[in-house]
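Please read the structure below before turning to the comments.
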Amino acid sequence: MSYKEVFDWGTEELRQAQIAEAELDARLLLEYVCGTDRNTLLAHGEREVTAQEKESYVNLISERRKHIPLQYLTGVQDFMGLEFSVDTNVLIPRQDTEILVEEVMRHLHDGMRILDMCTGSGCILLSLLYYSNDCTGLGVDISENALQTARRNAEKISAKKAEEEKKELHADFMQSDLFEKMNPELFDIIVSNPPYIRQDVIETLMPEVRDYEPLLALDGREDGLYFYRAILKQTGNYLTRGGMLFFEIGYDQGQTVKELMKAAGYAEVEVIQDFAGLDRVVWGIRI
């Protein structure tokens, strides 16, 4: 079969399975299998697909029909212009979270020390370290499996920075239930994208999220605010005076988290919206 014929077949299979972006996912999976790019479909649609490529593609389409996320099938996701490894132990990095990283970068100076609480794949911390100079960071997560993925990403991103700039990243990772196992030390910036989905909302999420992404990284307990409260109770012990705390939030949590931060003694608290005009980040300064 030709490249175009195989692509058309995959697209129809995914459409029948009600995959939202059937055509895009069919193309990306074919490119993944064949080692091609988006131009191949347009310029070389007559290219013959080998029997091995077709078999691999059929297997991946079958998995995607089950609503297994594309990124778990390919094992990678682009974030902040970098490629991160992902698996079922970590949330898939989302474009929304780039708003959080970009907001931190507006206030990040050379040599700062960063704590990334609930680090998951490490994409937030590693992006900040990659795009800064001489900063150091610690990523903390309750899941040791997630931290294994984060450490693999640290090796990959550090190697990229070393190749391009002759510098390595300085990132450490620790397994801990929030601050439980941490020794007292001060950071200039604390950033967190904690679990913030209300328990009664989880069952309504799209199957790719509900059935495959780690519940531990989604469940914000009864009102979705548990981890904001828990983190705010302890950040005073780990954040320098004048240091900054940044949270990613759900679209309807901006005002509430802002008030929680102000009540915890943070000043100049701001809510930042994403490109869709939805509340996405809250940050403030420890006084």
Report the C-alpha separation of R152 and D87 in whole Å, then their side-chain angles, then the decisive distance to 0.1 Å, and conclude whether the salt bridge (charged side-chain N to carboxylate O under 4.0 Å, His left out) test is met. CA-CA 11 Å; R152 289 198 301 273; D87 54 38; 2.9 Å; yes
Verdict with reasoning, T235 to Y266, per side chain to side chain donor-acceptor pair (under 3.5 Å): CA-CA 10 Å; T235 50; Y266 285 82; 2.6 Å; yes
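Distance alone, capped at 3.5 Å, is enough to place a donor-acceptor pair between the R210 side chain and the L205 backbone. Looking at D141, its side chain does come within 3.5 Å of a backbone N or O of G120 through a donor-acceptor pair. With hydrogens and angles ignored, the 3.5 Å screen pairs a side-chain donor or acceptor of T11 with a backbone N or O of F7. A distance-only check finds a donor-acceptor pair linking the side chain of K161 to the backbone of Y130 [under 3.5 Å]. The closest donor-acceptor contact from the side chain of Y131 to the backbone of E102 lies at 3.5 Å or more, if one exists at all. Formation of a donor-acceptor pair under 3.5 Å by the D177 side chain with backbone atoms of I142 is not found in this model. Within the 3.5 Å criterion, the main-chain N or O of L218 finds no donor-acceptor partner in the side chain of E213. Looking at S158, its side chain does come within 3.5 Å of a backbone N or O of L169 through a donor-acceptor pair. Under a 3.5 Å cut-off, the side chain of E31 and the backbone N or O of R38 do form a donor-acceptor pair. With hydrogens and angles disregarded, a donor-acceptor distance shorter than 3.5 Å links the side chain of R286 to the backbone of G236.
Partner Q175 forms a side-chain contact (heavy atoms from CB on, under 4.5 Å) with one of E180, Q148, E144 and no other, that one being E144. When each of R198, R229, Q253 is checked for a side chain to side chain donor-acceptor pair (under 3.5 Å) with D223, only R229 meets the rule.
In this structure, K160 does not pair ionically with E163, as no charged nitrogen and carboxylate oxygen lie closer than 4.0 Å. Between E103 and R280 there is no salt bridge, since none of the side-chain N atoms of the basic residue sits less than 4.0 Å from a carboxylate O of the acidic one. Between K54 and E48, none of the side-chain N atoms (NZ, or NE/NH1/NH2) sits under 4.0 Å from a carboxylate O, so this pair counts as no salt bridge. The pair R94-E248 fails the salt-bridge criterion, with no side-chain N (NZ, NE, NH1 or NH2) lying under 4.0 Å from an Asp/Glu carboxylate O. A salt bridge is defined here as a Lys NZ or Arg NE, NH1 or NH2 lying under 4.0 Å from an Asp or Glu carboxylate O, and R64 with E208 meets this definition.
Ring planes of F247 and Y228: perpendicular class, angle over 60° (limits at 30 and 60°).
Distance check: M244 CE to R106 CZ gives 8.5 Å after rounding to the nearest 0.5 Å.
The hydrophobic clustering, which links ILVMFWY residues whose side-chain heavy atoms are closer than 4.5 Å, places L125 and L239 apart. Note: the hydrophobic cluster containing V209 also contains I249 (ILVMFWY, side chain heavy atoms under 4.5 Å, direct or indirect links). Cluster membership check: V104 shares its hydrophobic cluster with F275, using side-chain heavy-atom separations under 4.5 Å among Ile, Leu, Val, Met, Phe, Trp and Tyr. Side-chain heavy atoms closer than 4.5 Å link hydrophobic residues (I, L, V, M, F, W, Y) into clusters, and following such links, possibly through other members, connects L129 to M105.
Within the 4.5 Å cutoff, the side chain of K258 has no heavy atoms near those of the M261 side chain. Residues K167 and N133 have side chains in contact (heavy-atom distance under 4.5 Å, counting atoms from C-beta outward).
Nearest heavy atom pair, residue L216 against residue S143, reads CD2-CB, 4.3 Å. Across all their heavy atoms, V140 and L178 have their closest contact at CG1-O, 3.5 Å.
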Show me, pair by pair, the donor-acceptor contacts under 3.5 angstrom made by side chains of residues 76-85, not counting sequence neighbours?
from	atom 1	to	atom 2	distance (Å)
Q77	OE1	Q71	NE2	3.3
Q77	NE2	P93	O	3.1
S85	OG	K156	NZ	2.9

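Taking the centre of each ring, Y72 and Y212 stay at or above the 6.0 Å mark.
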